[in-house]
Trainee: 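Before I ask anything, here is the structure I am working with.
Just so it is clear, the values below take in all heavy atoms, side chains as well, and ignore hydrogens, waters and symmetry mates.
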Protein chains: 2
Amino acid sequence: MPRSVDVARLAGVSQKTVSRVFNDEPYVSADVRRRVLDAAEQLGYRLNNAARALASGRTRSIGVVALGTALYGPASLLLGIERAARDTGYALRVVSTAEGDPAGVTGAVSSLLDQGVDGIVISEPIDDGPVPVEVDVPVLVLGAPPAFAAPRVVSASVNAHDMAWAATEHLLDLGHATVHHVAGPRRWFAAKDRLDGWRAALAARDAAEPPVFEGDWSAGSGYQAGRQLPADATAVFAANDDMAIGLIRALTEAGRKVPEDVSVVGFDDVPVAAYITPPLTTVRQPFDSVAREGLALLVHAMEKPGQALPVTDRRQVDLIVRASTAPPPA
Amino acid sequence: MPRSVDVARLAGVSQKTVSRVFNDEPYVSADVRRRVLDAAEQLGYRLNNAARALASGRTRSIGVVALGTALYGPASLLLGIERAARDTGYALRVVSTAEGDPAGVTGAVSSLLDQGVDGIVISEPIDDGPVPVEVDVPVLVLGAPPAFAAPRVVSASVNAHDMAWAATEHLLDLGHATVHHVAGPRRWFAAKDRLDGWRAALAARDAAEPPVFEGDWSAGSGYQAGRQLPADATAVFAANDDMAIGLIRALTEAGRKVPEDVSVVGFDDVPVAAYITPPLTTVRQPFDSVAREGLALLVHAMEKPGQALPVTDRRQVDLIVRASTAPPPA
DNA sequence: GTGAAAGCGCTAACAC
DNA sequence: GTGTTAGCGCTTTCAC
């Protein structure tokens with residue numbers, strides 16, 4: 001492998017000048033820059049990242065703690081983070097946490113710290129209690145409150161509370177006396193936000209609050225919820241689309257028609273939501289823009305440690321009304 | 001940040017001994033090991049990966065070129081890779097390729113090479129023609145033929161051909177005269193394998209081969225296919241579950257019942273497949289074991305460059321028969 | 001605008 | 001079993 005001295009020799013300049021060119025530093029004449037670039041090209045030179053990191057103390061990479069599931073939400077967030085990171089010039093190191101893993105987020109963060117990263121993204125964490133690792137780089141928490149011991153913690157999330165509220169209100173507006181809720185696992189912040197939003201929407205209208213069914217995000221758990229749904233229920237808000245799909249299946253098997261007998265609203269707007277029977281009314285999550293905003297905050301915290309953070313407000317709610325919701329039976 | 005000399009000083013040993021302990025090298029007495037570990041603990045010492053990589057020439061990391069989509073298949077593969085990599089002690093660096101990106105796989109591989117990785121995984125690539133980068137590390141190609149210019153190329157994939165064959169045969173066995181096919185995009189190797197398997201199964205039974213509809217993996221494209229499905233078609237094999245779901249939606253809207261009028265088989269066994277109406281007959285893809293086997297091959301190629309590769313054969317086909325398939329109408 | 005010298009914190013090779 | 005000596009290929013600092 002050619003080194004920067006080799007390029008320097010060929011271009012007839014000092015090694016430092018090669019370094020200048022590859023770091024886009026000022027004070028290099030156009031002519032010298034050309035010669036260096038040509039020499040590098042000819043030799044097939046690549047900057048050695050390890051040497052660079054060792055000398056500069058920065059790795060130019062961001063570590064991501066991802067959820068170890070192929071669920072649409074977490075997968076979409078990861079994708080958004082990757083895209084955003086690439087745009088900012090940072091490389092991505094990914095570690096995932098299996099749910100139920102004793103080490104969990106703590107272990108994942110520690111392993112990223114071992115690898116050496118300039119910043120860390122924690123995607124949709126589960127409430128596992130405090131994280132007992134000292135983190136000396138900025139941290140972005142996506143989809144949860146920024147409870148973390150680090151020099152700089154930023155967070156970004158969708159406004160799940162208002163989104164859940166809107167979903168519930170939509171059903172109330174259609175004339176349903178109340179709305180049942182199939183929640184996600186209690187330990188997930190994402191589940192809690194939706195639960196709270198639903199609860200608040202019911203309270204605002206003085207609607208009775210029926211008991212909550214706690215699922216695990218899977219269609220199977222939605223199916224279980226559907227089999228246990230009280231006979232007098234006419235409207236259900238599920239905390240994600242998969243559970244809504246399972247719920248609809250159970251109702252269909254029981255001979256209860258959606259939306260004629262029971263209305264169902266999901267959450268996420270997964271790609272197939274528009275194509276199941278009946279097409280699902282749901283709330284769309286803007287994963288990509290959350291990831292993008294979050295990363296912008298993180299990069300800011302990484303590169304300008306002293307400055308105040310640009311704050312972005314996310315009030316938008318995208319309720320997609322399709323065919324799974326209707327007024328209650330007469 | 002404490003360095004290994006600091007630990008050495010505190011433990012009363014040489015710096016090299018600290019290095020030995022942290023690399024699990026032999027020839028360190030239990031007593032010294034303990035003292036070193038205690039000192040490290042006390043100082044909060046972490047090995048510096050950049051220095052390590054610079055000195056050893058190895059980064060202990062694997063680069064992954066992932067598809068920039070939240071599709072269930074690619075997302076599951078990525079997850080499987082992450083799990084498998086962690087088990088082998090390698091860190092993961094991820095770059096994704098947006099479809100239609102001019103740089104594509106070439107750019108992604110090049111960026112991984114810049115970052116410095118010991119091996120590269122290319123996940124479910126699209127046939128983009130030759131990749132004009134010189135790669136000096138072993139490469140694992142997941143789900144495609146190993147066409148790549150690198151010192152060592154290994155590959156692992158499901159036996160998509162036989163799986164598609166089994167899906168088609170299942171419909172033929174039910175008595176359908178022939179089976180229509182909704183394919184994936186032509187440029188995807190994954191689409192081609194399934195197409196070939198379907199074709200071969202029809203030929204083996206002397207069944208007529210109807211024109212193929214080429215979708216884009218989305219439920220929407222399956223829906224389009226469904227609207228164009230000939231009136232005399234009684235059986236369809238879709239190259240993934242999402243397209244099958246869209247297809248069923250179109251048939252349902254047109255008043256054609258599944259499976260009474262038309263049988264449909266999907267591919268993947270996505271988590272909601274069992275809960276749509278009707279529950280979908282499909283072929284399950286063993287993403288996790290493919291990733292695991294592939295990574296074992298890659299790590300072998302990385303660590304034992306000279307040796308022959310352990311070969312694993314994957315013949316198993318998991319056809320999951322649910323309620324979307326039945327004999328043709330009388 | 002450009003160059004020389006001094007590390008960054010490890011591992012490798014070899015001595016003892 | 002343990003220590004010594006050289007680098008690995010850059011960036012940093014400062015001189016010109």
Trainee: Counting only side-chain nitrogens and oxygens, does A:T17 get under 4.0 Å of the OP1 or OP2 atom of C:dG3?
Mentor: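 It does, given that an N or O in the side chain of A:T17 lies less than 4.0 Å from OP1 or OP2 of C:dG3.
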Trainee: Between the main-chain N or O of B:Y72 and the side-chain N or O of B:S76, is there a donor-acceptor pair closer than 3.5 Å?
Mentor: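 Looks like yes, one N/O pair under 3.5 Å.
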Trainee: Any side-chain to backbone donor/acceptor pair from B:N48 onto B:A50? Under 3.5 Å, distance only.
Mentor: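 Present.
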Trainee: One thing to verify: whether B:D288 and B:R292 come together as a salt bridge, which I'm taking to mean a side-chain N less than 4.0 angstrom from a carboxylate O.
Mentor: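 A salt bridge is present here (some side-chain N lies under 4.0 Å from a carboxylate O).
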Trainee: Test A:I120 against every option in A:V95, A:V109, A:V64 by the side chain to side chain contact (heavy atoms under 4.5 Å, CB included) rule and name the one that passes.
Mentor: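 Of A:V95, A:V109, A:V64, side chain to side chain contact (heavy atoms under 4.5 Å, CB included) with A:I120 is met by A:V109 alone.
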Trainee: Could you state the OH-C1' distance from B:Y27 to C:dC14, rounded to the nearest angstrom?
Mentor: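 Those two atoms, OH and C1', are 15 Å apart.
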Trainee: Starting at CD of A:Q115 and ending at P of C:dG9, how long is that distance when rounded to a whole Å?
Mentor: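 The distance from CD of A:Q115 to P of C:dG9 comes to 19 Å, rounded to the nearest Å.
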Trainee: Taking 4.0 angstrom as the limit, do A:R3 and A:D6 come out as a salt bridge?
Mentor: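 Yes, this pair counts.
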Trainee: Using a strict 4.0 Å threshold on nitrogen-to-oxygen distance, state whether B:R34 and B:D31 make a salt bridge.
Mentor: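 Answer for the salt bridge query: no.
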Trainee: Treat primed atoms plus P, OP1 and OP2 as sugar-phosphate and everything else as base, then score nucleotides 8-16 of chain D 5' to 3': B for base contact with protein heavy atoms under 4.0 Å, S for sugar-phosphate contact only, - for none.
Mentor: BBBBBB---
Trainee: When you check the phosphate oxygens OP1 and OP2 of D:dT4, does a side-chain N or O of B:S14 lie under 4.0 Å from one of them?
Mentor: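 No.
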